[in-house]
Amino acid sequence: MTSDLIPETTDSKRSRGFEALPAAPPGNMIESIYLEHAPLLRRVAVRKFGIPNPDAETLVHDVFAAYIANPGAVRANLRAYLIGAICNASRNYWRSHRLHERFFADPEEGDGTETLPLAETFFDGLSLHLVIAATLARLGDRCREVLRRYYFDGEDSGSIAQSLDTTPGNVNYLMHGCRKKARRIYEELTKVP
């Protein structure tokens, strides 16, 4: 007979289907992890991905918030996990910002296009869109679909794998091959004779 005042043990909760969540690291440990890794993560976001400093700081905070919320996600190497997380967050940052960019730039807003006339900016963008369209047309249907879903629709490899009835590793391998093929086609199309 158990009393309501005595808390149940973790083993008794597991036997009924409950699973204990991993405990968050202590505050002083989180602070030392943050102080050790935050400058590196900021540099990765700013130098590798070209993210502005205030947004990079926000991404670093988001990465650490995700780590604190789910410390059990780190299996072996914390540094590798944090670097991977900031890379994914940076890619997602640019995906979301590209979706919200306008095609026509407004020189009055001071967005950096004042040096080029509007027509020149428009035709440069148009020629790039045409080369990308030609590149995608030369890719196979499967490559075109996978790259579109990953880069333009913002899906992750897990959801793409589920719809294609394969594993995320196979999707990543397919995307790697498709990116190499697309790069080769793009270079052929933009090669100056």
Side-chain angles (χ1 to χ4, degrees), residues 21-22 24-118 120-129 131-133 135-136 146-161 168 171-172 175-176 178-180 182-183 186 190:
L21 294 173
N28 57 354
M29 186 176 166
I30 292 173
E31 181 181 2
S32 66
I33 291 171
Y34 179 83
L35 292 174
E36 179 183 349
H37 295 291
L40 170 67
L41 300 182
R42 263 186 238 101
R43 277 194 311 271
V44 168
V46 171
R47 290 185 184 168
K48 182 175 181 181
F49 293 97
I51 294 176
N53 282 327
D55 292 337
E57 186 68 31
T58 303
L59 291 179
V60 169
H61 287 231
D62 290 345
V63 165
F64 277 101
Y67 166 65
I68 292 168
N70 190 9
V74 180
R75 298 286 182 231
N77 188 345
L78 176 63
R79 182 181 174 100
Y81 168 82
L82 292 173
I83 291 172
I86 195 69
C87 289
N88 288 336
S90 299
R91 288 184 192 104
N92 188 41
Y93 171 88
W94 284 120
R95 270 188 221 120
S96 65
H97 276 72
R98 284 190 187 118
L99 291 176
H100 301 296
E101 282 181 355
R102 292 181 300 154
F103 187 73
F104 294 101
D106 186 5
E108 294 178 6
E109 289 185 8
D111 57 2
T113 59
E114 301 87 20
T115 58
L116 294 175
L118 186 59
E120 189 175 338
T121 305
F122 171 75
F123 286 116
D124 285 346
L126 182 62
S127 64
L128 178 64
H129 286 304
V131 170
I132 291 173
T135 302
L136 290 174
V146 168
L147 292 176
R148 177 190 57 79
R149 290 175 65 180
Y150 185 78
Y151 287 107
F152 295 112
D153 297 342
E155 291 186 47
D156 63 343
S157 56
S159 65
I160 296 171
V171 170
N172 289 334
M175 283 194 305
H176 175 72
C178 292
R179 284 189 294 255
K180 284 175 66 174
R183 185 178 302 121
Y186 179 80
T190 57

All side-chain hydrogen bond (donor to acceptor under 3.5 Å, both in side chains) counterparts of E36, not counting sequence neighbours: none

Walk me through whether T135 and V131 qualify under side-chain contact (heavy atoms from CB on, under 4.5 Å). CA-CA 6 Å; T135 302; V131 170; 4.3 Å; yes

Just so I know, are the side chains of E57 and P54 near enough to count as touching, which here means a heavy-atom distance under 4.5 Å? no

Applying side-chain contact (heavy atoms from CB on, under 4.5 Å) to L40 and not counting sequence neighbours gives R43, V44, R79, I83

Listed partners of N88 passing side-chain contact (heavy atoms from CB on, under 4.5 Å), at least two apart: R91

Residues at least two apart in sequence or cross-chain that pass side-chain contact (heavy atoms from CB on, under 4.5 Å) with A45, listed by chain then number, are I51, A56, I86, S90

Residues at least two apart in sequence or cross-chain that pass side-chain contact (heavy atoms from CB on, under 4.5 Å) with T58, listed by chain then number, are D62

Under the salt bridge (Lys or Arg N to Asp or Glu O under 4.0 Å) rule, collect the residues that match up with R149, sequence neighbours excluded. E145, E155

State which residues pass ring-ring contact (aromatic ring centres under 6.0 Å, His included) with Y93; sequence neighbours excluded, sorted by chain then number. H97

Taking the inter-plane angle between the rings of Y34 and H61 on a 0 to 90° scale, is it parallel (under 30°), tilted (30 to 60°) or perpendicular (over 60°)? perpendicular

I'd like to check the ring-ring contact (aromatic ring centres under 6.0 Å, His included) partners of F49; sequence neighbours left out, ordered by chain and number. none

Contacts of type side-chain hydrogen bond (donor to acceptor under 3.5 Å, both in side chains), residue Y150, not counting sequence neighbours: R95

Who pairs with R179 by side-chain hydrogen bond (donor to acceptor under 3.5 Å, both in side chains), at least two apart in sequence or on another chain? Y151

Excluding sequence neighbours, so at least two apart, what forms side-chain hydrogen bond (donor to acceptor under 3.5 Å, both in side chains) with N92? none

